[in-house]
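The figures here come from the full heavy-atom set of this structure, side chains too, leaving out hydrogens, waters and symmetry mates. What you see is a predicted model; the values in this text were computed from it and never measured. Residue numbering restarts at 1 for every chain, and letters A, B, ... go by the order of the sequence lines.
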Amino acid sequence: MPQQQLLPIVAQHQVAPEIYEMILTAPDLVQTAQPGQFIDVLVPDHPEHFLRRPFAIATCDAKQGQISFTYRVKGPGTEAMVACQVGTSLDVLGPLGHGFPIADVTPGTPVLLVGGGTGIPPLLGLAQRLQQQGAQVTTVLGYRSQAESFYQDRFAKTGEVCIASDDGTLGFHGHVGLLMAAQLTERHFERAFACGPKGLLMAVKNRYQAQMPTYLSLESRMACGIGACYACVTPTTDHELKKICSDGPVFPAQEVVL
Amino acid sequence: MPDVTVHLPGLDLKNPIMPASGCFGFGQEYSQFYDLNQLGALITKATTLKPRQGNPTPRVAETESGMLNAIGLQNPGVDHVLAKELPWLAEHYPELPIIVNVAGTHVDDYAAVCAALKAAPNVKAIELNISCPNVAHGGMEFGTDPDSAAQLTQACSAVTDLPIYVKLSPNVTDIRPIAEAVSRAGAAGLSLINTLVGERFDLMTRQPILANVTGGLSGPAVKPVALRLIQQVRSVTDLPIIGMGGVSTADDALEMLVAGADAIAVGSANFREPLACPNIIADLPKRMTHFHFENLTKEIHWEGTK
């Protein structure tokens, strides 16, 4: 059940150029939030930024009672969020949507996570949770460049990490689709999860959906975040429309048309 | 305590506040956040004869103190609304008056939806959507021509005993002849304003943000326009007006009532603040006392429009 809460900002720091991580005190949210769910955040003190902004939950720290999310500065709204001070609070709706289905992942199961850009943060919480469940986690991360990379070390603590960069300054030279084709074709996985740009999702869908349960986290411009406004729909393979905010944002790859 | 009740054709409201069409689905989503029995009434998402898929995405774009939308009347169709959505509301909120927003492309399908709604006892009124700016046919083409608007109003009134509130478009040179025409054609009330047509562009791609190119502007940015149009319509008709357009607070609601409205719909404010409606309802008596309003009858309309 989503709640509206004022959540204190514990910390905010830059993790890459134009990419920031915000940590919030959220003792209720950490109890219920699942990897892949999101929060809808009001930009404080700026009523001209009228709509809430949806951000995927990156990590959930049950012991500390804290959640984190990571965002890219894209316009005046996110610029204003960079200016938010520790100790002030954010008006947050959440947890929203349906996350990655992992309850039935058994110890020893080899799983593949594929993320790119700001699609990477929600996979960190997923990787941590899967590791706790004893899964054998392999993560493929795609960045524009080394300068714009982040979180590799944190993923390294959850399992194997393969890295690609568009300009070749870090790891494999090329996008993650090419990396998967070059390095992972012989590997056996039993479940795949992806979050990132459309090209990345297409690559994961095309490569894995026929072989194993494959789940994609979709992104969209949203207005309400809870399924009331019908703004963020995605076409499905059976010619219907699903709401990314409330039916997703995570969908079985075979269900959606990208 | 000031009296916040409002009595309109078909609608005895315990307060004048209702969520606006398209901003509240069919109620289920917001029922996660509060008891919908607090509402004066509820206006549903636009309902058409057959299911509609709506427009391609992106369908929304933020604007300064507002937003554009071009959903394109996506809805499951009147059969599904009668079978699932309205019974759900009746089961959970039996006392809540429901106003169904009816949309279409031709006189016949509008009338068919109006006729079908007889089957739902919790529907107390129809809001006739002749002002959707986001579809190629129907909607606004009825709402921008007095004769077409009157014809449609008459055809729908003929097939239902429910009071019909005609939702007017602000995208016209003069709204008054349209208000007068639908009034003569049998409208029980009016509902205004629908959204104002706007556009936004992405500088990186140099393309429109909305797939539909144009969308309807709503939010606090449109409130002064809504006030002007409500006041103008009030100057030519005594029909009850459900006023809407940028209302987020009890003061906004009172300002709209002074301009000439008789009840208030709250639209995109729900997206920003899910508790927008109950917050306004809770604040209304306090703000009425502050501004010395004893009730919300016609007496509070600005004397310039009487």
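- Distance check: B:Arg59 CZ to A:Tyr230 OH gives 10.5 Å after rounding to the nearest 0.5 Å.
- For the options B:Asn75, B:Asn55, B:Leu275, B:Ile71, heavy-atom pairs under 4.5 Å to chain A are most numerous at B:Ile71.
- By the 4.5 Å heavy-atom criterion applied to side chains, B:Phe271 and A:Arg52 are not counted as neighbours.
- Between chain A and the residues B:Gly54, B:Ser268, B:Gly22, B:Pro56, the largest count of heavy-atom pairs under 4.5 Å involves B:Ser268.
- In terms of heavy-atom pairs under 4.5 Å with chain A, the best-connected choice from B:Gly27, B:Pro51, B:Pro220, B:Ala221 is B:Pro220.
- Between chain B and the options A:Ser220, A:Cys229, A:Gly77, A:Pro76, heavy-atom pairs under 4.5 Å are most frequent for A:Cys229.
- Looking at A:Arg221 and B:Glu62, no side-chain N of the basic residue comes within less than 4.0 Å of a carboxylate O on the acidic one, giving no salt bridge.
- Within 6.0 Å of CZ in A:Arg144 there are 12 or fewer heavy atoms belonging to other residues, nucleotides or ligands.
- Counting heavy-atom pairs closer than 4.5 Å to chain A, the top residue among B:Ala70, B:Ser65, B:Gly72 is B:Ser65.
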Item to check | Verdict with supporting geometry, B:Val60 and A:Met222, side-chain contact (heavy atoms from CB on, under 4.5 Å) | outcome: CA-CA 7 Å; B:Val60 289; A:Met222 293 180 184; 5.9 Å; no

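- Inter-residue side-chain proximity for A:Cys224 and B:Glu29 is flagged as unmet; no heavy-atom pair is nearer than 4.5 Å.
- Shown here for A:Val233 and B:Thr57, the closest heavy-atom pair between the two residues is O-CG2, 3.5 Å.
- The local environment of CG in A:Asp238 is crowded, with over 12 non-hydrogen atoms from other residues, nucleotides or ligands closer than 6.0 Å.
- At most 12 non-hydrogen atoms from other residues, nucleotides or ligands lie less than 6.0 angstrom from CD of B:Glu64.
- B:Pro274 has its side chain within reach of A:Leu93: a pair of non-hydrogen atoms, C-beta onward, lies under 4.5 Å apart.
- If you measure heavy-atom distances from A:Asp91 to chain B, the contacts under 4.5 Å come from the side chain alone.
- No side-chain heavy atom of A:Leu51 sits under 4.5 Å from any side-chain heavy atom of B:Arg272.
- Contacts between B:Thr63 and chain A at a heavy-atom distance below 4.5 Å involve the backbone alone (N, CA, C, O).
- Note that the CE atom of A:Met1 and the CZ atom of B:Phe33 stand 8.5 Å from one another [nearest 0.5 Å].
- A:Leu42 is not listed as a side-chain neighbour of B:Glu273, based on a closest heavy-atom distance of 4.5 Å or more.
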